[in-house]
Number of protein chains: 2
Amino acid sequence: MKNADAPEERCCAPMGDAVLSNDEADFLAYAFAALADPIRLRIFSIIATEGEVCSCNLEGPLGRSQPTISHHTSKLASAGLIIGERRGRWMWWRVNEARVGALASALTLGIHQR
Amino acid sequence: MKNADAPEERCCAPMGDAVLSNDEADFLAYAFAALADPIRLRIFSIIATEGEVCSCNLEGPLGRSQPTISHHTSKLASAGLIIGERRGRWMWWRVNEARVGALASALTLGIHQR
DNA sequence: ACGCTATATTGATAGTTGTCAATATGAAGA
DNA sequence: TCTTCATATTGACAACTATCAATATAGCGT
């Protein structure tokens, strides 16, 4: 099935499909998925405005349990959007400017290319 | 339960939680969720590079069924990232530059504020 | 009106994810 | 070492999502 013969010269050019590789798409999708949750966006926003925030200051304002906050911060971190540093008992988070900037410019430039 | 009394003046400032409203967070999360899928990213990338693409030219290169492509394009469209226009039998898609630009700058500026 | 073709919708299913209670880990102080 | 506190992990469950086959809708040409 599919349409192995569908798009001939029908409406537009055949278009080289070397636009965005599978790996690049997976990589970017993973980062955007980290931003695809309201609670994580608010966490990110708080960290961005405060500069540095420890986890204990996130549970209260966001109204989520401690395990849930931990889950979200680690998801943002594993996507490279924030960076965590343990200082004593506390976990401090800051934004990974470089990574976020790269993501944003990928967006404006149409996703593809670095 | 929760921690109604947890973050006193413990590690950092109490932080006004007027950072990102629930509604704004939902709105932005919805847009990022549209970008949180590899197939949709490749669709977006193709549209961005080609300028205008009709749906029939997406099924082939992406190796997904017609209903699946339709599902993805409508998800991107309902997030405002692409704009569709029916011309005869064909559906033409183009990038919503304004919306994408706004998303990208929200990212670099730390999500919050417009 | 009829058939052909491009796109949309429906229904079903497997996989993923946000959430919390319970529990574990790890760091600091006595 | 024992206790306390901040964070991480586990297990379970409800909600959501990507996918396709089947079917419906809609535009064009004859």
Side-chain angles (χ1 to χ4, degrees), chain A residues 1-12 22 25-26 29-44 47 52-60 62-79 82-93, chain B residues 1-12 22 25-26 29-30 32-43 47 52-60 62-79 82-93:
Chain A
M1 299 317 164
K2 295 293 124 49
N3 52 352
D5 56 333
E8 290 305 311
E9 87 301 38
R10 149 175 1 240
C11 30
C12 36
N22 276 336
D26 288 346
Y30 191 76
F32 284 120
L35 295 168
D37 179 89
I39 296 292
R40 281 198 295 271
L41 279 182
R42 297 176 71 193
I43 290 176
F44 184 86
I47 296 174
E52 244 182 355
V53 175
C54 88
S55 295
C56 66
N57 279 317
L58 294 172
E59 304 164 25
L62 295 178
R64 289 296 187 283
S65 70
Q66 178 270 319
T68 296
I69 295 296
S70 177
H71 169 243
H72 286 314
T73 49
S74 77
K75 197 147 196 175
L76 283 168
S78 73
I82 62 175
I83 297 173
E85 181 188 348
R86 186 157 210 131
R87 290 213 275 273
R89 280 195 279 237
W90 295 285
M91 194 65 183
W92 290 86
W93 301 100
Chain B
M1 303 319 163
K2 292 292 124 51
N3 50 355
D5 56 333
E8 291 308 307
E9 86 306 35
R10 155 175 356 242
C11 30
C12 33
N22 276 336
D26 287 346
Y30 192 76
F32 284 122
L35 295 168
D37 179 90
I39 296 291
R40 282 199 293 272
L41 279 181
R42 297 176 71 192
I43 289 176
I47 296 173
E52 244 182 356
V53 176
C54 87
S55 295
C56 66
N57 279 317
L58 294 172
E59 305 165 24
L62 296 177
R64 289 298 186 283
S65 71
Q66 179 270 320
T68 296
I69 295 296
S70 176
H71 169 244
H72 285 314
T73 49
S74 76
K75 196 146 197 175
L76 283 168
S78 74
I82 61 175
I83 297 172
E85 181 187 348
R86 186 155 210 133
R87 291 213 274 272
R89 278 194 281 236
W90 295 284
M91 196 66 183
W92 289 86
W93 300 101

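The basis for the numbers below is simple: all heavy atoms, side chains too, and nothing from hydrogens, waters or symmetry mates. Chain letters run A, B, ... following the sequence lines, proteins first and then strands; every chain starts at 1.
Sequence order on DNA chain C of the closest nucleotides to Trp93(B) and Ala33(A) puts Trp93(B) first from the 5' end.
Here Arg40(B) reaches the OP1 or OP2 of dA18(D): one of its side-chain N or O atoms lies under 4.0 Å away. Between dG18(C) and Arg64(A), no contact under 4.0 Å exists linking OP1 or OP2 to a side-chain N or O. Between Arg86(A) and dA27(C) there is no side-chain polar atom (N or O) within less than 4.0 angstrom of OP1 or OP2.
Protein atom CG of Leu62(B) is 16 Å distant from nucleotide atom C1' of dT7(C), rounded to whole Å. Between the CD1 atom of Ile43(B) and the C1' atom of dT19(D) there is a distance of 13 Å, rounded to whole Å. Taking atom CH2 of residue Trp90(A) and atom C1' of nucleotide dT4(D), one finds them 12 Å apart after rounding to whole Å. Counting to the nearest Å, the C1' atom of dA8(C) and the CG atom of Leu58(B) are 15 Å from each other. In this structure, Leu76(B) atom CG and dT17(D) atom C1' are separated by 14 Å, rounded to whole Å. In this structure, Met91(A) places its CE atom 18 Å from P of dT25(C), rounding to the nearest Å. Remark: P of dA8(D) and CZ of Arg89(A) are 15 Å apart, rounded to the nearest angstrom. To the nearest angstrom, P of dG18(C) lies 13 Å from CG of Asp26(B).
By the 4.5 Å heavy-atom criterion applied to side chains, Thr68(A) and His72(A) are counted as neighbours. You'll find the side chain of Arg40(A) stays beyond 4.5 Å of the side chain of Leu35(A), heavy atoms only. When side chains are defined from C-beta on, Tyr30(B) counts as touching Ser78(B), because their heavy atoms get closer than 4.5 Å.
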*Go through the steps to decide whether Glu52(B) and Ile47(B) satisfy the test side-chain contact (heavy atoms from CB on, under 4.5 Å), and finish with yes or no.*
CA-CA 6 Å; Glu52(B) 244 182 356; Ile47(B) 296 173; over 6 Å; no
*Please step through side-chain contact (heavy atoms from CB on, under 4.5 Å) for the pair Ser55(A) and Met91(A), ending with a clear verdict.*
CA-CA 6 Å; Ser55(A) 295; Met91(A) 194 65 183; 3.9 Å; yes
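Checking dG18(C), dC20(D), dC28(D) against every side-chain atom of Lys75(A), the shortest atom distance belongs to dG18(C). Among the nucleotides dC28(D), dG18(C), dA28(C), the one closest to the side chain of Asp37(A) is dG18(C).
Legend: residues meeting side chain to side chain contact (heavy atoms under 4.5 Å, CB included) with Pro67(A), ordered by chain and number and at least two apart, are Ser65(A). Qualifying side chain to side chain donor-acceptor pair (under 3.5 Å) partners for Ser70(B), counting only residues two or more places apart in sequence or in other chains: none.
Nucleic acid contact class of Arg87(B) (heavy atoms, under 4.0 Å, all strands): none.
Heavy-atom distances under 4.0 Å link DNA chain D to Gln66(A), Pro67(A), Ser70(A) of residues 66-74 of chain A, given in residue order.
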